[in-house]
Structures are given as structure tokens and as C-alpha cells.
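Read through the structure below, which is laid out as C-alpha cells, and then see the notes.
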Protein chains: 2
Amino acid sequence: MVLKNQHKLSRRERQIMDVLYRRGKATAAEVHAAIPDPPSYSAVRAMLRVLEEKGHIRHEAQDLRYIFIPVVPREKARRSAVRHLLETFFEGSPEQAVATLLDVSRDLSPEELDRLAALIEKARKEGR
Amino acid sequence: MVLKNQHKLSRRERQIMDVLYRRGKATAAEVHAAIPDPPSYSAVRAMLRVLEEKGHIRHEAQDLRYIFIPVVPREKARRSAVRHLLETFFEGSPEQAVATLLDVSRDLSPEELDRLAALIEKARKEGR
DNA sequence: CGGTTAGTGCTAGTTTTTTAGCATGGTGCT
DNA sequence: AGCACCATGCTAAAAAACTAGCACTAACCG
């Protein structure tokens, strides 16, 4: 799908997609409220319509208002985003990425670190 | 700096910044070659000039050609990118991010997994 | 030297993106 | 009913992004 290529969305389009992925779904008003220093409400709606025409999002009618939802499921979009991040900033290296991730995720609790360690142990057992 | 906000770059600007971060630095010709289905060489140069005017990149003259370099160091830019990724796709959860990272990084060797485990151990010791 | 290649500075035209307003419909309240 | 508020569909204009070409310089090679 279109999100497979990281450079198909314009500035505002991408900003809106990010809001939708962060929230999972949203009304036009919620998107408008989530954008820092936003344009007018009708400008946001117009962009949502553009995104829908391009096939990036769809809407469901609910109580006389539209709920906008990304077409590419979050699970898939984030995998694509992670791959792009690795390639762009980390030379494909998961180790460097994890190091940075630990660095920006300050104050991880022992429990959280345990869970991270368990993930790696699981990966080890699965032979990957 | 400008990369602190993830939505300040247009589609092509961001594409070019990604190339520069991936390579660390590049000539206009290298940027041109690194872009899939690129516009003309002169169009790429024009965009580089725009990026420089906006302060995102700078250039150094080397052997009669320009080497373009991001103004925000890679270390800083990637931290910002990681934070944005966590927030957009992982609800701020490093655990989910690591799980996906392990998922997309197929065929990690035991050595690589050891190194990842060591990173977590180190984080544990540093109390963070 | 002249021709070719590779580079830069600059510009303007074209295309795309972005924006906001108008018209309309639905709902709730007085 | 009328009004206010909230929503949508649609449009066109403004702004931004994008593009490629021209003029020029420098270096290299025959």
C-alpha cells in the first residue's frame, strides 16, 4: 500500500496520518484539536477528504459524524515505520536502535526491563 | 531545531534529509542517485538549496563540488525520530517498540541477541 | 585550443498542497 | 417555529512545493 513508501505523503497529510495512528481513529474535530497550531476546521476536513480520496483512510458514519480510520492497519504501518527508522538512522542495526530507545525512555522500571529482557529471551528461543 | 518538530518538512525535503542522514553526508549527485524515481539533477539541487536556506543543511566545498551535511547531528535527529515513533505507533511503550524491532530484524544471531540483552542489563545497572 | 564533462547560481513556470468560506442538513433548546 | 451549534459536501483561490532549463565556470583530454 501507499504507506509502504515513506515519502508519498505531503507534510500536512503525514501529520494527519500520524494523529490517526496515534489515536487509532478520530473525528475531524479530534484531528483538528490534535494538531498544534492548526489551520481552520474546514481546512482539516478538506485534507481528510483528500486522504480518503487517495485511499489512505476511510470513514465510518457514527451519530451523524464521521470517524476516520487509517486503511493500513497500525500493526503493519508501524513495522514499516520501524524498518524505515532503522535504515535511515541506524544503518539497519537493531542494537543501536535499542540503545537509543533505552536512552530516550527514561526511568524504565525494573519490571519494564524484565519484560524487555523476556522479549529477547523469547527471540532467542524462537531461533531468530 | 527544526527537526524537533516532525512535521516541518515537505515530502521532498524530508526525502532528501533521510538520504543525508542515511549517508551522513552527500553530494548533490549522490542525493540524486539515492532517490528512487528522481526528478532532474537540477531539481534536486534546487531542493538542496531550499533546505540550506531553511537552515536544515549546510555545505562544505570539496574539490569543486559541494558536500551537503545535516545541521542537526545524526545522534540528535535519531533520538527525536525514535521519540516520535514511540509516540505515534507505540503509545510511548518501549516494550512494544522492541517487540516490533525484533520482529522486523529477522535472523538475529545469538551474538546480536547477547548484545541486546547486555544493553538491557546495562540499563538495569544504571538504574534507568 | 576546442570540445566534453561535471559542477554551481539562478529563475520562472508548472504542479501540488493547503486553505477557508459558502451552502446545506440535523439536533437540541427555548 | 426559530435559533444556535455541530456536522458534511464542495469549491476556488492562495500558498507552497517542485521542476527543469539557461548561463556560467572549472577541469580534463585529444
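In the text below, chain A, chain B and the rest are named by the order of the sequence lines, each starting its count at 1. Since this is a predicted model, take the numbers as computed values, not measurements.
At whole-Å resolution of the value, NE2 in A:H32 and C1' in D:dT8 are 16 Å apart. The distance from atom CD of B:E13 to atom P of D:dA15 is 18 Å, rounded to the nearest whole Å. Straight-line distance from the CG atom of A:D63 to the P atom of D:dT8: 12 Å, rounded to whole Å. Between the CG atom of B:L51 and the P atom of D:dA16 there is a distance of 16 Å, rounded to whole Å. Look at CG on B:L9: it is 15 Å from C1' on D:dC18, rounded to the nearest Å.
Contact check on B:R58 versus B:E60 returns a salt bridge, with a Lys/Arg side-chain nitrogen under 4.0 Å from an Asp/Glu carboxylate oxygen. At a threshold of 4.0 Å, the pair B:E52-B:R49 does not count as salt-bridged, since none of the basic side-chain nitrogens sits closer than that to a carboxylate oxygen. A salt bridge links A:K54 to A:E13: at least one charged side-chain nitrogen sits closer than 4.0 Å to a carboxylate oxygen.
Within the 4.0 angstrom heavy-atom criterion, base atoms lie near A:Y41. A:S40 comes within contact range of at least one nucleobase, with a heavy-atom separation under 4.0 Å.
For the pair A:R45 and A:Y41, the distance from NZ or CZ to the six-membered ring centre is under 6.0 Å and the angle to the ring normal is within 45 degrees.
Atom NZ of residue B:K125 and atom CG of residue A:L113 lie 12.5 Å apart, to the nearest 0.5 angstrom.
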Sort me out a list of protein N/O and nucleotides 10-12 of chain D N/O pairs below 3.5 Å, or just none if empty.
from   : atom 1 : to    : atom 2 : distance (Å)
D:dC10 : N4     : A:R49 : NH2    : 2.8

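Shown here for A:P70 and A:I57, the closest heavy-atom pair between the two residues is CA-CG2, 4.0 Å.
First and last contacting nucleotides of DNA chain C toward chain B (any atom under 4.0 angstrom from a heavy atom, 5' to 3' order): C:dG7 to C:dC10.
In this structure, the side chains of A:L85 and B:L101 stay at 4.5 Å or more apart for every pair of heavy atoms. Looking at heavy atoms from C-beta onward, B:D18 lies in side-chain contact with A:H84 at the 4.5 angstrom threshold.
Proximity of a side-chain donor or acceptor of A:R11 to a complementary backbone N or O of B:L9 within less than 3.5 Å is not detected.
Not one side-chain nitrogen or oxygen of B:R65 sits closer than 4.0 Å to the OP1 or OP2 atom of D:dA27. Between B:K54 and D:dA17 there is a side-chain polar atom (N or O) within less than 4.0 angstrom of OP1 or OP2.
Of the two residues contacting DNA chain D, namely A:F68 and B:A43, the nearest-nucleotide position lying further toward the 5' end is that of A:F68. Between A:R11 and A:H59, the one whose closest nucleotide on DNA chain D sits nearer the 5' end is A:H59.
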